[in-house]
Protein chains: 2
Amino acid sequence: MALRYALLAALQEEPATGYELTQRFRTYLAHVWNATHQQIYRELGKLHDEGLVTAETIAQSERPDRKQYRVSEAGETALTQWLATPQPRPATRDPLLVKLFAGDNLDARVMARELAELRQQCEQRLAAYREMERTWFRDPGSVPRRYRLQYLALRRGILGAQSWLAWLDEAEREFPSTDDS
Amino acid sequence: MALRYALLAALQEEPATGYELTQRFRTYLAHVWNATHQQIYRELGKLHDEGLVTAETIAQSERPDRKQYRVSEAGETALTQWLATPQPRPATRDPLLVKLFAGDNLDARVMARELAELRQQCEQRLAAYREMERTWFRDPGSVPRRYRLQYLALRRGILGAQSWLAWLDEAEREFPSTDDS
DNA sequence: ACTCCATATGCACTTTGTTGCATATCAAGG
DNA sequence: CCTTGATATGCAACAAAGTGCATATGGAGT
């Protein structure tokens with residue numbers, strides 16, 4: 001359900017094509033809502049059928065045609081309504097933690113490698129978030145509200161990554177890395 | 001995919017009925033993998049069809065029959081194999097953060113209420129985790145490995161909840177609660 | 001020449017999770 | 001007496017997300 005509203009919100013910031021939206025979801029929306037291009041195109045089609053967005057085809061020589069979408073009035077109404085509805089928290093489902101419940105069948109070296117990979121991923125993400133923080137939100141007080149809210153989402157990404165790193169510090173004591181990378 | 005392995009891991013700790021498993025998933029597995037009883041029964045059926053678990057029907061007077069499942073050898077093999085396979089991290093999809101990207105359409109009072117609810121939820125969960133910590137893991141060093149790993153999962157729950165509370169401290173500055181509860 | 005990558009859009013199939021409903025018994029409380 | 005809640009198991013329909021594949025062009029690198 002929320003994908004469509006993520007799309008509407010993104011389109012409201014600026015009209016875009018499916019391709020551009022895909023890029024936004026990969027970059028500065030990755031810590032908020034993940035979606036593939038297939039999912040995005042599919043949902044944009046539905047949104048269009050339901051009249052929540054309008055489409056404009058832009059012909060290009062040298063490149064495939066682009067379809068630019070923008071939010072319709074009905075779309076804005078739908079978005080506003082959804083915003084006012086409290087959303088249930090997403091359920092936790094983490095395969096890594098599931099593994100911890102397998103006890104004796106769990107190989108410590110395999111696990112250590114998986115933890116190392118996770119650490120790398122977290123560090124990379126954290127670095128990317130820090131980079132965004134530096135470039136766009138150097139002085140969060142002077143930023144207009146719209147972007148201050150986005151900064152809050154980014155802050156969540158940062159705090160989330162940090163909390164995973166803190167957990168990894170504990171987990172790596174149980175699964176010491178053999179360090180044969 | 002991971003649900004079945006969560007079931008196998010849980011059954012390996014101790015054979016159980018779908019009903020008992022449902023209770024475990026609701027209590028001390030809630031911070032690891034969420035599943036409803038419908039999902040659990042369905043997956044147990046598949047697991048049985050595939051020979052990864054065996055079932056024993058226990059007739060009860062006064063109560064509906066129970067079907068107790070236990071992991072078969074094939075099941076243990078499948079579990080071990082899965083454990084050795086690195087699992088991709090679950091993608092972030094958070095409707096609350098999506099809302100932050102809607103900018104001007106987002107009502108501050110509505111948001112403040114949603115944050116308050118989230119805070120309550122986090123605090124409740126944290127208290128529940130702390131309780132588990134106290135009752136089962138008072139001295140983590142003296143606990144056998146199998147349960148030390150479960151404690152690690154619990155630690156993740158605790159750190160996760162704390163990191164959300166830290167974020168809420170920041171978010172509530174942007175959406176001050178009117179405190180008319 | 002050939003391959004890879006970016007641009008640009010999509011369909012079809014499968015898996016996974018959600019939601020509503022169904023059934024049967026017993027104990028406890030109003 | 002009647003309802004609610006715990007015990008105990010499931011089916012069916014639907015929604016959401018994942019995976020594989022398809023197509024078309026142009027530029028850059030080997």
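Reckoned from all heavy atoms, side chains included, excluding hydrogens, waters and symmetry mates.
Atom CG of B:Asp65 and atom P of C:dT23 are 18 Å apart (whole Å). Atom OH in B:Tyr19 sits roughly 7 Å away from atom P in D:dA6 (whole-Å rounding). What separates NE2 of B:His37 from P of D:dA12 is a distance of 15 Å, to the nearest Å. Following rounding to the nearest Å, A:Glu43 (CD) and C:dC11 (C1') show an atom-to-atom distance of 16 Å. Between A:Glu20 atom CD and C:dA8 atom P the separation is 7 Å, expressed in whole Å. Straight-line distance from the CZ atom of B:Arg93 to the C1' atom of D:dA17: 6 Å, rounded to whole Å. Atom CZ of B:Arg4 and atom P of C:dT16 are 8 Å apart (whole Å). In this structure, A:Met1 places its CE atom 14 Å from C1' of C:dG17, rounding to the nearest Å.
With respect to B:Arg119 and B:Asp169, a salt bridge is recorded, a charged nitrogen being found less than 4.0 Å from a carboxylate O.
In the set C:dG10, C:dG17, C:dT9, C:dG17 carries the atom at the smallest distance from any side-chain atom of B:Leu3.
By the side-chain contact (heavy atoms from CB on, under 4.5 Å) test, A:Asn34 is found to be paired with B:Ala91, B:Thr92, B:Arg93, residues two or more places apart in sequence or in another chain being considered.
Under 4.0 angstrom from either OP1 or OP2 of D:dA17 there lies no side-chain N or O belonging to A:Thr36.
Judged by the 6.0 Å distance and 45° axis criteria, A:Arg156 is positioned over the aromatic ring of B:Trp164.
B:Arg42 comes within contact range of at least one nucleobase, with a heavy-atom separation under 4.0 Å. Residue-level contact check: A:Gln39 touches the backbone only, with heavy atoms under 4.0 Å from sugar-phosphate atoms and none from bases. Across all strands, A:Thr22 comes closer than 4.0 Å to no nucleic acid atom at all (heavy-atom distances).
Of the residues near DNA chain D, A:Ala35 and B:Lys67, the one whose nearest nucleotide (by heavy atom distance) lies more toward the 5' end is B:Lys67. Each of B:Arg66 and B:Ala91 was matched to the nucleotide of DNA chain D holding its nearest heavy atom; the match closer to the 5' end belongs to B:Arg66.
Side-chain N/O atoms of B:Gln38 and B:Arg42 include no donor and acceptor closer than 3.5 Å.
Judged by distance alone, with hydrogens and angles left aside, B:Gln38 brings a side-chain donor or acceptor within reach of the base of C:dG20, the pair sitting under 3.5 Å.
Below 30°, between 30° and 60°, or above 60°: for A:Tyr69 and A:His48 the angle between ring planes is above 60°, a perpendicular geometry.
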